[in-house]
Novice: 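Below you'll find the structure I mean.
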Amino acid sequence: MSYTPTRSDFDRYMAPNYAPQQVIPVRGEGSRLWDQEGREYIDFAGGIAVNALGHCHPVLVDALKDQADKLWHLANVYTNEPALKLAKTLTERTFADKVFLCSSGGEANEAALKLARRWAYNEHGEHKDKIISFRQSFHGRTFFTVSVGGQPKYSQGFGPVPGGILHAEFNDLEAVRELMGDDTCAVMVEPMQGEGGIVPATQEFLEGVRALCDEHQALLIFDEVQTGVGRSGSLYAYMEYGVTPDILTSAKSLGGGFPVGAMLTTDAIAPALGIGTHGSTYGGNALASAVALAAVEFIDTPEVLEGVKRRHALFRELLEEINHKHGVFKEVRGMGMLMGAQMSPAFEGRAKDILPLAIEEGLMALIAGPNVLRMAPSLVIPEEDIREGMARLERAIAKLVAQA
Ligand SMILES: *Cc1c(COP(=O)(O)O)cnc(C)c1O
């Protein structure tokens, strides 16, 4: 008899660093998923802002299958057509001139930070090594990126953290100004904090940080791992703000579910990453690049991007309706298909209690910290699925209120 894994196998065989929900989805199509028992779920979680086109979108499936029959992997001793096509497309559609490919957001940020340090070292000297980032920010789980990230719980207990990293309050331009000096190498910021609670940067803040970087010859790094590839309603959120970084990192939606990451930069900065300075075995993998190319070409069209904005308006309207009835949220915020609802004081810290209740009702959602219910659905989720998902969310929230 063939073996069917159960949730208790997770505790038996997997390292205990996650605590997944009890159900095990086995199949997905668009914004719907089915578990081992055949129960159906609507997906507002989107694999944490990864499944940009839902599950098994034909455009991505075709790109993957087509490449699977041709060539999977060569390593960077050789190059390949899909990687070159992806890099060309990304430079044509953004501020960037040069691309470094890798397999995840953390790796893209690691590359960005190393590039910034090396650029400053080459151009200005050893003293210019300070990296400024923000409290509550999240940049990945490598040791450099957890240290730059603004949540100390992710770096504590792992030994000495790398030096030269300073943290300021997000959206507080004066705090950045105080930390900034001629020894500042780079400022790393998410245009909208994701894990930190779905908090958009203000326009003045991003413009001000850009001006400070220029004044001090420091590099501005936008971490668009969560906000990128259509999620904000533009290809990248920097386009919504009209503030251009020197380095941008992308992952999550970039592969629509296939692991891929990219670091984008300019011709002025890229030479610091000279031959042998950095690398990644899987970076530029042909399968990953073929899928990412298909995702970017499909998403970066007026139809899809305008659709993201329309869907955002509908999500907001329905969330406000739920809140009108139940009064559980203090604020609904976000951009495009990345939205957060902050819990009201009476439900302080209870966002995570909604998740199993939502599962009972057939809905997958996320949190961003203890106080924010987060939604990162497919950019092309059908209106019918939004309405049905919201009806399920309302039933989950009614249960939460009844428990209180
Ligand atoms: C998810 C995320 C990362 C880390 O990406 P991984 O692919 O998990 O390494 C980095 N930055 C931001 C803003 C993210 O949301």
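Counting convention: from 1, in listed order, for ligands and their atoms alike.
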Novice: Would you say Tyr282 and Asn76 are linked by a side-chain donor-acceptor pair, where the criterion is simply a distance under 3.5 Å?
Specialist: no
Novice: Counting only heavy atoms and a distance below 4.0 Å, can you name the residues contacting ligand 1?
Specialist: Ser104, Gly105, Gly106, Asn109, Phe138, His139, Gly140, Glu190, Asp223, Val225, Gln226, Lys252
Novice: Can you list every side chain to side chain donor-acceptor pair (under 3.5 Å) pair that touches residues 255-272, not counting sequence neighbours?
Specialist: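 Those involving residues 255-272 are Lys98-Asp267.
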Novice: With a 6.0 Å cut-off on ring centres, are Phe222 and Tyr236 close enough?
Specialist: no
Novice: Quick one: list whatever passes side chain to side chain contact (heavy atoms under 4.5 Å, CB included) with Phe10, sequence neighbours left out.
Specialist: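 Residues passing side chain to side chain contact (heavy atoms under 4.5 Å, CB included) with Phe10: Arg7, Met14, Tyr18, Pro20.
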Novice: Residues two or more places apart in sequence or in another chain: which of them pass ring pair (Phe, Tyr, Trp, His ring centres under 6.0 Å) with Phe170?
Specialist: Phe205
Novice: If you take all heavy atoms of Ile198 and Arg333, which pair is closest and at what distance?
Specialist: O-NE, 2.7 Å
